[in-house]
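Following: one structure in structure tokens, then a few remarks.
This structure is a prediction, so every number in the text was calculated from the model and none was measured. Side chains included, hydrogens not; waters and symmetry mates left out as well; all remaining heavy atoms used.
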Amino acid sequence: MQLFILYESAQGYFLFVKEDYDETGGGLSKVQKAVSSLERFSKMTKLVGSHPFKTAEEALENIMAIGAPKVTPTLKNFLATYLPASKSSKKQKFALGISDAKLGPELFSDTGITAVHNDTTMEMIRGIRMHYAKLLQNLTDAEVTKAQLGLGHSFSRTRCATDVNRQDKPITQTIALIEQMDKDINTFAMRLKEWFAWHFPELTKIVNDNTIYARIVDLCDARRDNLTEDLKEEIEQIVLDEEKAAQIIDAVKISMGMDISDQDALQIKKWAERVTELMTFRETLSEFLKQRMSAVAPNLQALIGEIVGSKLIAHAGGLTNLSKYPASTIQILGAEKALFRALKTKGKTPKYGLLFNSTFIGRAGAANKGKISRYLANKCAIASRIDCFSEYPTAKIGESLRDQVEERLKFIASGTKPRKNKEAMEEVLQELKQEGLFYGDNAKKVEATAAGNDANEDETDEERVAKKSKKDKKEKKEKKSKKEDKEEKKSKKRKRSEVEDDSDDEDAQALKEAAKTKKKSKSK
């Protein structure tokens, strides 16, 4: 039996043949020994046919189809040209070896050819790949690598362009950058306070916010004497409080700080400018994150905010992965170490992970934080699935879910009964239907029922009476049949009981006769 090997490369499709193919795998050791040597392998295999790709677009199209996997018209015509003709797959007198097992069903459905994927075919493909340029004789290794490199670049570009989760990438990178910048800004602001406190220590007690502190240092050019009445309006704009502005100006007059040189003041001013730039850049990043979340996951953003929602997406590895998680996994997402430590030590498992940063859990009591986190995780799972799989996502469902969590908080605190999830969702769907964003899952059923209602309105009174009489007759027949079935069952039970009684009487008589015979034998 012949074994044909389909080899896909950057240059095109190639078909090799091996004679004396053993389906049971008996020739696998021979193939493995021959792969290492070009002389042995070239004697074992021969090139039967080839179809070189004419353009890079054709090569990319065919390779993308094989990765899908799909059978292109080019591949179909190539196999029909060079493979032996067979009337059906049962009468096929050859085997076609392929590198991907998933391509087999597609080949059979499109061409009727039964493909083979086993250890022998994989070893043959490995040998062809190893001696590819020398088997073709018209190619060099440099040309092969050049074609593979070009096709690999175009293949990766198209795969990245068609990535379903590409909208999640900016969110994951932005939230990671914001978290890192928060740590850095806190460290830099602390250094600035320690440095400038030698010159003006009273400012740290008056101003607690790092952003305001850095802006004031930048305003006064790292000189406390510059904070005079002339800059009071600008100080008020930064501090947003008249009393604090007056306190700063008064503290300058009685300050106990040391004098600093011009070089030190210049370095402090530059450092304050750099810290304020970082803070403004952090604000622009948060605005960008808000915009991306409103476009990618509006319901999740409306439910728990863009910061916590983006952390969940980043930790899960994308919105698609997050939508696949159950609510119990979302609840402890971010607390994996505590979970496994609790499982190892047989202690208490954590009640929440990243969801602890949500305002809902902070507002709940200590005894009710676990309940709220479980309820909130359930709503987050619903919101993420709606965001991931809906064609036109809106934030209205997320707002409704947020209202439900608010109602749950009131129910736990005061006992006011919340709405059911069904009622809340029906209200949102009605709003979406009015706006034309939701048409329902069973639009055809709705149309059919509406048509039926219109037809019922057109019916006359006589037809309605006739229909009612038919229904009554059917109900009567069903009742009669049910009664007859009950009577039959009762009669069967009675007959069984009578038979059992007769058998019991016969057994009693037999026992009496046996006892009489025993007495007679004893008396004798």
Side-chain angles (χ1 to χ4, degrees), residues 174-291 293 301 304-308 310-311 356-366 369 409:
T174 304
I175 190 61
L177 186 58
I178 286 173
E179 289 178 350
Q180 187 65 40
M181 286 192 70
D182 288 337
K183 296 177 184 178
D184 295 340
I185 287 169
N186 287 331
T187 305
F188 296 158
M190 182 181 69
R191 296 297 177 197
L192 180 63
K193 283 184 179 181
E194 290 179 357
W195 200 353
F196 190 66
W198 289 99
H199 180 60
F200 190 18
E202 291 80 9
L203 185 63
T204 56
K205 297 179 182 179
I206 299 169
V207 178
N208 296 321
D209 188 55
N210 295 331
T211 307
I212 296 173
Y213 190 93
R215 287 177 180 173
I216 289 174
V217 175
D218 187 20
L219 177 66
C220 68
D221 296 332
R223 289 284 185 180
R224 69 180 177 218
D225 297 333
N226 294 334
L227 296 171
T228 58
E229 294 289 339
D230 297 335
L231 297 175
K232 187 175 181 180
E233 292 182 358
E234 296 180 5
I235 294 170
E236 287 178 1
Q237 291 177 359
I238 295 172
V239 179
L240 301 175
D241 191 357
E242 293 181 2
E243 294 181 2
K244 279 191 177 182
Q247 288 177 7
I248 292 169
I249 293 170
D250 295 337
V252 171
K253 299 174 183 177
I254 58 171
S255 177
M256 298 179 66
M258 59 178 278
D259 293 332
I260 57 174
S261 62
D262 294 337
Q263 292 180 352
D264 292 339
L266 181 62
Q267 295 300 324
I268 293 171
K269 177 177 169 53
K270 287 183 178 179
W271 185 240
E273 289 176 354
R274 184 60 58 86
V275 173
T276 51
E277 286 175 1
L278 286 173
M279 291 175 177
T280 52
F281 179 61
R282 199 266 181 204
E283 291 175 359
T284 55
L285 274 178
S286 61
E287 286 294 326
F288 172 73
L289 179 64
K290 191 174 182 180
Q291 293 174 1
M293 282 293 291
Q301 181 192 12
I304 55 174
E306 61 272 6
I307 298 296
V308 183
S310 58
K311 284 181 179 179
F356 181 75
N357 299 319
S358 176
T359 57
F360 296 113
I361 296 175
R363 287 158 53 192
K369 286 184 184 292
L409 278 171

To the nearest 0.5 Å, what is the distance between [atom1] on [X] and [atom2] on [Y]?
| X | Y | atom1 | atom2 | answer |
| --- | --- | --- | --- | --- |
| Thr211 | Met279 | OG1 | CE | 4.0 Å |
| Leu203 | Leu227 | CG | CG | 7.5 Å |
| Ile212 | Ile238 | CD1 | CD1 | 8.5 Å |

If you compare all heavy atoms of [X] against all heavy atoms of [Y], which two are closest, and at what distance to 0.1 Å?
| X | Y | answer |
| --- | --- | --- |
| Phe200 | Ser255 | CD1-OG, 3.7 Å |
| Lys311 | Ile175 | CG-CG1, 3.8 Å |
| Thr228 | Ile249 | O-CD1, 3.8 Å |
| Gln301 | Met293 | OE1-C, 3.5 Å |
| Ala272 | Ala214 | CB-O, 3.8 Å |
| Ile178 | Leu289 | CD1-CD2, 3.9 Å |

*Partners passing salt bridge (Lys or Arg N to Asp or Glu O under 4.0 Å) against Glu194 (at least two apart in sequence or in another chain)*: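 Partners of Glu194 by the salt bridge (Lys or Arg N to Asp or Glu O under 4.0 Å) criterion, ordered by chain and then number, come out as Arg191.
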*Partner set under salt bridge (Lys or Arg N to Asp or Glu O under 4.0 Å) for Glu287, not counting sequence neighbours*: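 By the salt bridge (Lys or Arg N to Asp or Glu O under 4.0 Å) rule, Glu287 matches no residue at all.
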*Considering residues at least two apart in sequence or located in another chain, which fulfil the ring-ring contact (aromatic ring centres under 6.0 Å, His included) criterion with Phe356?*
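With sequence neighbours excluded, Phe356 shows a ring-ring contact (aromatic ring centres under 6.0 Å, His included) to Tyr352, given in chain and number order.
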*What side-chain hydrogen bond (donor to acceptor under 3.5 Å, both in side chains) pairs are there with at least one residue in residues 230-241, not counting sequence neighbours?*
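Output for this query is empty, none listed.
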*Sequence neighbours excluded - side-chain hydrogen bond (donor to acceptor under 3.5 Å, both in side chains) pairs with any residue from residues 259-285*: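 As it turns out, the side-chain hydrogen bond (donor to acceptor under 3.5 Å, both in side chains) pairs with a partner in residues 259-285, which skip direct neighbours, are Asp182-Arg282, Asp218-Lys269, Asp221-Lys269, Arg223-Asp262, Arg224-Asp259, Ser261-Asp264, Lys269-Glu273.
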*Pairwise salt bridge (Lys or Arg N to Asp or Glu O under 4.0 Å) hits with a residue in residues 198-213, at least two apart*: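 Checked against salt bridge (Lys or Arg N to Asp or Glu O under 4.0 Å) - neighbours excluded - no pair reaches residues 198-213.
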_Under the rule for side-chain contact (heavy atoms from CB on, under 4.5 Å), what residues qualify as partners of Leu278, not counting sequence neighbours?_
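Partners of Leu278 under the side-chain contact (heavy atoms from CB on, under 4.5 Å) test: Met181, Ile185, Phe188.
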*For Ile268, which residues count as a side-chain contact (heavy atoms from CB on, under 4.5 Å) partner, sequence neighbours excluded?*
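Only Leu192, Trp195, Phe196, Val217, Ala222, Ile260 meet the side-chain contact (heavy atoms from CB on, under 4.5 Å) criterion with Ile268.
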*Give every residue pair that meets the ring pair (Phe, Tyr, Trp, His ring centres under 6.0 Å) criterion with at least one member in residues 206-233, sequence neighbours excluded.*
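Listed by first then second residue: nothing to list.
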